[in-house]
Amino acid sequence: MAKKELAALGVALALLALLEPAAAGVKFGKEDLDSEESLWQLYQRWGARYNVARDPADKLRRFAVFKDAARRIHLREAAAGRAPGLNGFADLTNDEFSRVYKCAKPPAVAAAGLPVKRRGGDGTLPLPPSFSWRTKSCGARPCLGPVKSQGDCGACWAFTATGALEAYYAIRGARDNRDPVRLSEQELVDCDTQSLACEGGEPASAFDYVMNKGLASSISYPYTANNGTCKAAAAPRVDLVMRGYETLPANDEFELLQAVTYGPVAISIAVGDNNTDFQGYDGGMYSGACSEGLNDHAMLLVGYGFNYYIIRNSYGDLWGNQGYMFLKRDYGNSARGTCGILSEGGTYPELGI
């Protein structure tokens, strides 16, 4: 390739990194809100897209919830100059969503009064402008497995921990062409006594458990989305050697981004109560509310763009961009970092394979 072509390609890639990710939900316009008939057709189209079937006796109640959500999302996105879209949770009330999908974390003391050390500084920090494990292969397979769903259980902490462990196993084992592992969140829910099971927990607690006890596969110890009795003694251990885990300093974006270039990092964000914006997020750049309180939901940082984070959730692929969230790195309460992401740093495992 000629030097001019290489230069043009470099410019194109740099411009691509500046583009905001596009939303991935069911698109609709003002015309879809003009009448009950057009709203019903939108509801039917939404149900077909996400394969959502409702009992006829419940469908009219769900339709009323759906209409309110569609109108609210349209107003918010139109004000921001974006095309509105609907994710797979559009006919759930916020109470239902919070009860089923909200994942609590034990309260932590947020770092306060510390200046945020951001990437960029004097422009010489040695980090690529963008990086994502979503697009990388480990041997012949993707480094990241499919997005999972925590279901009716506040086990985001367990899914965040297994997501990090599975990715590190794939990254470290790529040279040996190891088969990917799918680890048991249910064992963590049942057996990690430092956690509160379906009532919440911390990824660091899960890492402690795995370091001391090992972990079964999701096949031998399947997920039920309920608190259960520990059955670890009867479940075979996965060949997973965990040497420990690292905790990143609070309010240091450079350390966080540097860490994610080696592997995904368990983080937490401040969602807050009654957050319909977070419930209704359908992809693209998140522009909804964040809580001013302490962090209350664990997620997995898997990369970053020129001005945003790429975060994996545990709500399945009906939420966000097929289960992922794009969040601007300077969004929300800057004193605590973007939606609180920087206020607690992050954790990642160290494997011995």
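These figures come from a predicted structure and were not determined experimentally.
- Within the structure, side chain to side chain donor-acceptor pair (under 3.5 Å) contacts touching residues 210-220 (residues at least two apart or in different chains) are Ser217-Ser220.
- In this structure, the side chain of Thr162 engages the main chain of Phe159 through a donor-acceptor pair within 3.5 Å.
- Relative orientation of the Tyr286 and Tyr281 rings is perpendicular, given thresholds of 30° and 60° on the angle between their planes.
- Sequence neighbours left out, the pairs with a member in residues 221-263 that pass disulfide (SG to SG under 2.5 Å) are Cys191-Cys230.
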So Asp190 and Asn227, side-chain contact (heavy atoms from CB on, under 4.5 Å) or not? Walk me through it. CA-CA 6 Å; Asp190 292 347; Asn227 297 338; 5.5 Å; no
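- Applying the disulfide (SG to SG under 2.5 Å) test to residues at least two apart or on different chains, none of the pairs has a partner in residues 37-72.
- Using a cut-off of 4.0 Å between Lys/Arg side-chain N and Asp/Glu carboxylate O, Glu36 and Lys67 are scored as salt-bridged.
- A distance-only check finds no donor-acceptor pair linking the side chain of Arg134 to the backbone of Arg312 [under 3.5 Å].
- Salt-bridge check for Lys148 with Glu166: passed, with a basic side-chain N closer than 4.0 Å to an acidic carboxylate O.
- Panel note: side chain Trp319, backbone Gly280; no donor-acceptor pair is recorded below 3.5 Å.
- In this structure, a donor-acceptor pair under 3.5 Å is absent between the side chains of Asn94 and Thr276.
- Asp252 contributes a side-chain N or O that, together with a main-chain N or O of Glu255, makes up a donor-acceptor pair within less than 3.5 Å.
- Using a cutoff of 4.0 Å between basic side-chain nitrogens and carboxylate oxygens, Lys27 and Asp282 are scored as salt-bridged.
- Inspection of the Gln279 and Tyr315 side chains reveals no N or O donor paired with an N or O acceptor under 3.5 Å.
- Scored by the salt bridge (Lys or Arg N to Asp or Glu O under 4.0 Å) test, Glu96 finds Arg61, Arg62 as partners (sequence neighbours excluded).
- Here the side chain of Ser195 pairs a donor or acceptor atom with the backbone of Asp192 at under 3.5 angstrom.
- By the salt bridge (Lys or Arg N to Asp or Glu O under 4.0 Å) test, Glu37 is found to be paired with no residue, residues two or more places apart in sequence or in another chain being considered.
- Atom CZ of Phe278 is separated from atom OG of Ser291 by 12.0 Å, given to the nearest 0.5 angstrom.
- In plain terms, the two heavy atoms of Leu188 and Ala206 that are nearest each other are CD1-CB, 3.9 Å.
- Using cut-offs of 30° and 60° on the angle between ring planes, the pair Trp40 and Phe63 is perpendicular.
- Electrostatic pairing of Asp34 and Lys30 counts as a salt bridge here, judged by a charged N lying under 4.0 Å from a carboxylate O.
- In this structure, the side chain of Gln322 does not engage the main chain of Asp317 through any donor-acceptor pair within 3.5 Å.
- In this structure, Asp32 contributes its side chain and Phe28 its backbone to no donor-acceptor pair below 3.5 Å.
- A donor-acceptor contact shorter than 3.5 Å is absent between the side chain of Arg172 and the backbone of Glu350.
- With hydrogens and angles ignored, the 3.5 Å screen pairs no side-chain donor or acceptor of Glu202 with any backbone N or O of Ser205.
- For Asp273, the salt bridge (Lys or Arg N to Asp or Glu O under 4.0 Å) test picks out Lys102, with sequence neighbours left out.
- Applying the ring pair (Phe, Tyr, Trp, His ring centres under 6.0 Å) rule to Tyr348 yields no partners; only residues at least two apart in sequence or on another chain are considered.
- At least one donor-acceptor pair under 3.5 Å links the side chain of Gln186 to the backbone N or O of Thr224.
- Annotation: ring pair (Phe, Tyr, Trp, His ring centres under 6.0 Å) contacts involving residues 177-201, sequence neighbours excluded, are absent.
- Listed by chain and number, the residues in a ring pair (Phe, Tyr, Trp, His ring centres under 6.0 Å) with Tyr209 amount to none (sequence neighbours excluded).
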Under 3.5 Å donor-acceptor pairs involving side-chain atoms of residues 46-53, not counting sequence neighbours:
unit_1, atom_1, unit_2, atom_2, d
Trp46, NE1, Asn87, O, 2.6
Tyr50, OH, Leu86, O, 3.0

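- For Tyr221, there are no ring pair (Phe, Tyr, Trp, His ring centres under 6.0 Å) partners at least two apart in sequence or on another chain.
- Listed by chain and number, the residues in a ring pair (Phe, Tyr, Trp, His ring centres under 6.0 Å) with Phe131 are Trp133 (sequence neighbours excluded).
- Using a 3.5 Å distance cut-off with no hydrogens or angles, the side chains of His297 and Asn313 do pair a donor with an acceptor.
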Could you walk me through whether Ser268 and Trp157 pass the side-chain contact (heavy atoms from CB on, under 4.5 Å) test, one step at a time? CA-CA 9 Å; Ser268 62; Trp157 58 278; over 6 Å; no
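- The shortest side-chain heavy-atom distance between Leu351 and Leu240 falls under the 4.5 Å cut-off.
- Using cut-offs of 30° and 60° on the angle between ring planes, the pair Tyr245 and Phe207 is tilted.
- With rounding to the nearest 0.5 Å, the separation of CG in Leu257 from OG in Ser130 is 11.5 Å.
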